[in-house]
Every structure is written in structure tokens, then in C-alpha cells.
Amino acid sequence: MHFLDQAKIFVRSGAGGPGAVSFRREKFIEYGGPDGGNGGKGGDIVFEAVAGLNTLIDFRYTQHFRAPRGHGGSGSNRTGGGGEDLVIKVPVGTQVLSEDKEEVLLDFTKVGQREVFLRGGDGGRGNATYKTSTNRAPRQHGTGWPSEEAWVWLRLKLLADAGLVGLPNAGKSTFINAVTNAQAKVGAYAFTTTRPQLGVVRHREREFVVADIPGLIEGAADGAGIGDRFLGHIERCRVLLHLVDANDADVAESYRIVRDELEAYGAGLIDKPHIIALNKIDTLDDELIEALSAELAEASGADVIPLSGAAGIGVDWVLDKLLEQMGPGADAVPENDQGEDEITWSPLG
């Protein structure tokens, strides 16, 4: 399934049905009078977060959503039928933004969360409701309240407990493949990862979700590269794992580049707990590993874990540290724990 984390859609609730103009006329009934019923209410636009989804790809092909209007009233004081609510199903982690993307209108953070976004119009009044002592045969009626409509943006922020950050080709995909069954693409070139990946880690009888995003480069916060667009997917993470390639010419500079981009992006990423790991140590000797770890520790001001995702060196150590930073409550695994599963789905259910 293709990954899409932003989509623009048009939504419109249903208008209210018109009230009826009717008069009671029956044989052997001496007194008649107005008996026009009210119109029915229009359908609401409702968003619902459901399990098993991690992409907005279906909104690329279905972009207009209109709830049905209410039915008109009729004689014998019969109220018109209401329009059915239109339920739009979205992945957990979806935000509904205003057309200018300046305001978050709805934020879905748990399965089953259901919110009415646009309310359908109320039905118009039938002529029976206009009857008074001085107006015994009214012919006026309500046409029904109008619908509401809006263009909105849907933005998906994947929900994960831990996020992986680093320069391109830092070994993030290799690491997530080593600890989960995400099957992320791995290659000996930069920007192998072009979209976020999710995987579930099972370690020491606990489970937590890890998110891998495309690598960051210098100037990403100003639009360089592709990693800045996906930083939103780690905003909700409780801890970040920063991988630094041991084969880089200057590991301290590699660390600072990513750190600066996280700070420039904002959203509290720089304040999250960080675990620093010197990756790909299987290509180096012990003396060089020790020297590079010391250099990186001095630049970061934190302990550095020597790691090799490919060889499995230090993996358990890193997972222990992640669990330690996350604390209790990292055992819940969402039903969509496999980001690559094929899902047959429509936004209309």
C-alpha cells in the first residue's frame, strides 16, 4: 500500500428538509386546519478513528464528501425523515486542519474516537406550527436550515513510542529491520527510506512501536531534502534514538547537524529524551570505536552506545535503554502494528 500522510478534502453536511403546507380535509370531519409536518434534519459529517490504517492514500481518489439532506415534511403532521450521517474513517493519529493549515480543528489519538465536524441543517417548520388564534390557516413554511461546508486538510502523524533520527544512510532501516519485521528497504546509498516505517519491538516481555523516518540533511528545516516533511511523525514519540554512522568523516558534526535540524523544526523534539548510538561499529576496530565514542560523547554530552544493527552488536543494550526512558506503559501494541500489510478500505467504511 502506498503511503500518503496529507490530503485535502471537501466536506458538506446535509441541508434540512422543507416543512410542508397541508390542510386536513376528511369526510364527516367538521373542523380541519393546517397539518403540515416539519422537515427532517440533514446528515452530519462525522470523523472516526479506526484501527488497521496508517495511510491517507484513499483520500487521493475520493476527495468530496457530502451528507444527504433531510426529507420534506408531509400532511397529517408527519415529519420528514432525517438524512443519514456521513462517517469518514481515518487512521489513528490523523489531524483535521483548516484550509490554510493554521488551525488544528480535530485531533484523533485513540481508536474509536468519533467527532461531529459539520452539523446537518435542522428541518424547516411545517405550516401547522404557524397556527395561531388569529392565523388559523397559515400557508407559510420553513425551507430548512442550510448545510455547512468546508475544505480541510487531513494530516497523519503516526503514533509510535520511539523514533529513529539521523543523517541519510546512518543505518536506521537496518536497525528497525533487526528489531522488528518492518522489512524496510536497505541500500548502500542515501535516502533509501522515502516514507515513514512502523515496526513493533518485542523485548523482555514488553512491546513498543518504533518509527523510522527519512534521513535529515543540513537545511532540512528550510526545505532541503525530504526528512523535514516527515518530522511530524515523531512528534508524539516518547523517546528518540539518534543513530550516527561511525564511518562519517566527523561523527560530532554529523550529530550536530541532526540536532540543529530538530531544534529548528521545533514542536518539542529537542526536549524529548535522546539516546545516542554510534552505528556500524562492525566495520571498525576496538581502538577506533572507543575514540569515536568519546568524541561523540563530548559533542552530545550524553553516554554513547556502540551499535551494529547489521551484526546485532549492542542491540539489546539500546532496547533496554529505550524501555528505561519510556517507563511503564509501553506494552500496548496498536492493531496496525505491521505498516506494510495490505488493507482493503474505503474512507466511507
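From a predicted model like this one, the values you see are computed outputs, not experimental measurements.
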Please enumerate all residues that pass salt bridge (charged side-chain N to carboxylate O under 4.0 Å, His left out) together with [X], with sequence neighbours excluded.
X      : value
Arg155 : none
Glu26  : Arg24
Asp85  : none
Asp320 : Arg204

Under 4.5 Å side-chain linkage, directly or through intermediates, the cluster mates of Val104: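 Besides Val104, the cluster holds Leu97, Trp153.
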Cluster link Val244 to Leu240, ILVMFWY, side chain under 4.5 Å: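 Each belongs to a different hydrophobic cluster.
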ILVMFWY cluster, Phe175 and Val201 together (side-chain gap under 4.5 Å):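 Yes; Val201 is reachable from Phe175 via cluster members.
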Any donor-acceptor pair under 3.5 Å from Asp107 side chain to Gln95 backbone: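 Checking the backbone N and O of Gln95 against the side chain of Asp107, no donor-acceptor pair under 3.5 Å is found.
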Going from [atom1] on [X] to [atom2] on [Y], what distance comes out if it is rounded to the nearest 0.5 angstrom?
X      : Y      : atom1 : atom2 : answer
Ser254 : His242 : OG    : NE2   : 8.0 Å
Ile176 : Leu164 : CD1   : CG    : 5.5 Å
Leu243 : Asn169 : CG    : CG    : 11.5 Å
Asp245 : Asn279 : CG    : CG    : 7.0 Å
Leu262 : Ile257 : CG    : CD1   : 12.0 Å
Glu103 : Leu106 : CD    : CG    : 10.0 Å

Inter- and intrachain pairs under side chain to side chain donor-acceptor pair (under 3.5 Å), touching residues 63-77, at least two apart: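 Passing the test, one end in residues 63-77: Ser74-Arg78.
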Kindly list each side-chain donor-acceptor pair under 3.5 angstrom involving residues 129-142, sequence neighbours excluded, with atom names and distances?
residue: Thr129; atom: OG1; partner: Arg125; partner atom: NE; Å: 3.1
residue: Thr129; atom: OG1; partner: Gly126; partner atom: O; Å: 2.8
residue: Thr132; atom: OG1; partner: Thr134; partner atom: N; Å: 3.4
residue: Thr132; atom: OG1; partner: Thr134; partner atom: OG1; Å: 3.4
residue: Thr132; atom: OG1; partner: Asn135; partner atom: N; Å: 2.9
residue: Arg136; atom: NE; partner: Ser133; partner atom: O; Å: 3.4

Contacts of Glu287 that satisfy side chain to side chain contact (heavy atoms under 4.5 Å, CB included) - sequence neighbours left out: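 Here the qualifying residues are Asp285.
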Side chain to side chain contact (heavy atoms under 4.5 Å, CB included) partners of Asp271, counting only residues at least two apart: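 Side chain to side chain contact (heavy atoms under 4.5 Å, CB included) check on Asp271 returns nothing, list empty.
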Residues which pass side chain to side chain donor-acceptor pair (under 3.5 Å) with Lys8, listed by chain and number, not counting sequence neighbours: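 Residues passing side chain to side chain donor-acceptor pair (under 3.5 Å) with Lys8: Glu99.
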Sole residue of Thr109, Ile88, Leu154 in side-chain contact (heavy atoms from CB on, under 4.5 Å) with Thr94: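 For Thr94, the side-chain contact (heavy atoms from CB on, under 4.5 Å) check succeeds only for Leu154.
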Side-chain heavy-atom pair Asn247, Leu284 within 4.5 angstrom cut-off: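 The answer is yes; the side chains approach within 4.5 Å.
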Glu48 and Arg114 ion-paired at < 4.0 Å: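 Yes, Glu48 and Arg114 are salt-bridged.
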Of all pairs that satisfy ring pair (Phe, Tyr, Trp, His ring centres under 6.0 Å), the ones with a partner from residues 84-129, not counting sequence neighbours: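 Every pair satisfying ring pair (Phe, Tyr, Trp, His ring centres under 6.0 Å) with a residue in residues 84-129: Phe47-Phe117.
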Sequence neighbours left out, cut at 3.5 Å: what donor-acceptor pairs do the side chains of residues 10-23 make with other protein atoms?
residue: Ser13; atom: OG; partner: Arg119; partner atom: O; Å: 3.1
residue: Ser13; atom: OG; partner: Glu148; partner atom: N; Å: 2.9
residue: Ser13; atom: OG; partner: Glu148; partner atom: O; Å: 3.4
residue: Ser22; atom: OG; partner: Asp35; partner atom: OD1; Å: 2.8

